[in-house]
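All remarks here apply to the structure that follows.
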Amino acid sequence: MGKIVNNKIKLEFLSKGENVALARITIAAFVSQLEITLSDLEEIKVAVSEAVSNAIIHGYQNKPEEIVTMTGILKGNTLILEIVDQGIGIPDIQKAMEPAYSTDPERTGLGFVFMQSFMNEVKVESQVNCGTKVILTKQINPDLKNMAVS
Amino acid sequence: MGKIVNNKIKLEFLSKGENVALARITIAAFVSQLEITLSDLEEIKVAVSEAVSNAIIHGYQNKPEEIVTMTGILKGNTLILEIVDQGIGIPDIQKAMEPAYSTDPERTGLGFVFMQSFMNEVKVESQVNCGTKVILTKQINPDLKNMAVS
Amino acid sequence: MSLILNSKKNTLIIRVRGDFDLVSVHEFREKIDQSLEETMSQNLLLDLSEITFIDSSGIGVILGRYRKVKANHGQMVICGTQPAIEKIFKVSGIISLMPICSTEKEAWKLLEQNTFKGA
Amino acid sequence: MSLILNSKKNTLIIRVRGDFDLVSVHEFREKIDQSLEETMSQNLLLDLSEITFIDSSGIGVILGRYRKVKANHGQMVICGTQPAIEKIFKVSGIISLMPICSTEKEAWKLLEQNTFKGA
Ligand SMILES: Nc1ncnc2c1ncn2[C@@H]1O[C@H](COP(=O)(O)OP(=O)(O)O)[C@@H](O)[C@H]1O
Ligand SMILES: Nc1ncnc2c1ncn2[C@@H]1O[C@H](COP(=O)(O)OP(=O)(O)O)[C@@H](O)[C@H]1O
């Protein structure tokens, strides 16, 4: 059996595009403390990338001086991620989460679709002009193939 | 010329040994936004590893429920790192920084030696029973070899 | 992300390396649109075998280029998707819009077949 | 970190993989000390060609094992240090305590020479 990991991190960073990769890499290193399949790892990276990109593009409308906060909690094999911005907020969360809905004509409206496909649960809390919190939860399946040899 | 990067991150994590690697990886991803030589990158990773290990082992005496904070600032090609704990503190900073001095018989007293060899500046602020802040500064030299081909 | 662009037989070939996310969107859009015009290529062959990451920002510009190519009666083919990113292509629906194959060779075969059919 | 241990000709051979930091110190110390006893090896050959990182925690247990081996009149040789970590070996002073060479082959040569000299 994989060892049980309980851990917690918090990363705060400027709302710059370059920091989306930073957030992904940090979370990847964080969850890699668990036995994890490459496909779970990839899915978590995508979900983080979507939520952080949204905070930067939508929440902060690409203003680079704002702060995005990402919290990661590992409890056994459950990963809980929170991505928080103090940006413009979402007036209608249900509508925002509809597939292909986007307020930006250059974008696809696939962000929440990916988060929902790749994580077990996606919760959104938001208040107009106060900001948005996205809570992503995923059960991480142990990497049975690698465990067999280790 | 390499592009100018101004960026800022803050990482908070539990005082667990596994998180030393996490801190290293995060800082490596952070400074890699700059053109950087492998050797500079390696030296920064070692310095971070020493300061974070000290916070965990010495500052928090291996209690895993405490919080270590690491801040990274990039201003042009200057990297400023702060590693902070709210642990036992250092009674005599000058002595602590002497080569080969250690209060732990199992350790070498090389931590500060490495920080000083690999960074341009090492500053320590500490108060007994309040905690310790280590400030590491490094001028990052652009990777001339890679820049020539890019 | 870095891009290598080539054109051959009425087709712009794009080889993408590295992370294909928010940061790369702007450069990708500009360079491809400019090259499509300059080379007057009708088709797009997008080789993703060297990408290390892609999310909906990447998918978004791919879809944008697809629409452009279609409007110009061209074809678009993607090749080199790795298992780790295949789910993204499935979930995004790209898979039902354009052929996705393993190698550039297969992609060429498809482009040539379809051009022949279309002619 | 993972360890592969072998013994041959009075020598314990240790091949280290991965990060050699705070987290690995305990396991390294335990396993090496136990194996030194079990195999009754006098010498240590430490192959670091597969490590991805080392800091003063790693250097510390290496020095600890060095002292142990010396106390038992054995020899210790390190091989496989990469350029990126060589500065650590210089600054730590390990370089003046024991031979550091590129390959296991060279390390064996040194061990055999010195054993011969000692005999
Ligand atoms: N952090 C946020 N702050 C404000 N609005 C947001 C945020 N995240 C999402 N939204 C809104 O939800 C919509 C849908 O988001 P998403 O599904 O990720 O698609 P996209 O990013 O392609 O627009 C966005 O267009 C935006 O209006
Ligand atoms: N964050 C800290 N909190 C309390 N004491 C510390 C801290 N960092 C360093 N020290 C003290 O400074 C000494 C020297 O540190 P260092 O040079 O890193 O060597 P080592 O970690 O091998 O002991 C330590 O033994 C400890 O007493």
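By convention in this document, chain letters (A, B, ...) are assigned in the order of the sequence lines, proteins followed by strands, and residues within each chain are numbered from 1.
Proximity to chain B at a heavy-atom threshold of 4.5 Å picks out A:Asn19, A:Leu22, A:Ile25, A:Thr26, A:Ala29, A:Phe30 from residues 19-30 of chain A, in numerical order.
Residues passing the side chain to side chain contact (heavy atoms under 4.5 Å, CB included) test with A:Lys133, sequence neighbours excluded: A:Glu82, A:Val84, A:Glu125, A:Ile135.
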Could you go through residues 59-66 of chain A and list every donor-acceptor pair under 3.5 Å that involves a side-chain atom there, pairing it with any protein atom two or more places apart or in another chain?
| from | atom 1 | to | atom 2 | distance (Å) |
| --- | --- | --- | --- | --- |
| A:Tyr60 | OH | A:Ile67 | O | 2.6 |
| A:Tyr60 | OH | A:Gln86 | N | 2.7 |

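Panel note: side chain A:Lys16, backbone B:Asn6; a donor-acceptor pair is recorded below 3.5 Å.
Atom CD of B:Glu12 sits about 9.0 Å away from atom OG1 of A:Thr69, to the nearest 0.5 Å.
The ring pair (Phe, Tyr, Trp, His ring centres under 6.0 Å) pairs that include a residue from residues 82-128 of chain A are A:Phe114-A:Phe118, where partners are two or more places apart or lie in different chains.
For chain B, the nearby parts of A:Lys8 are the backbone and the side chain; heavy atoms of each come within less than 4.5 Å.
The 12-atom threshold is exceeded at CD of B:Gln139, counting heavy atoms of other residues, nucleotides or ligands nearer than 6.0 Å. The local environment of CD in B:Glu98 is crowded, with over 12 non-hydrogen atoms from other residues, nucleotides or ligands closer than 6.0 Å.
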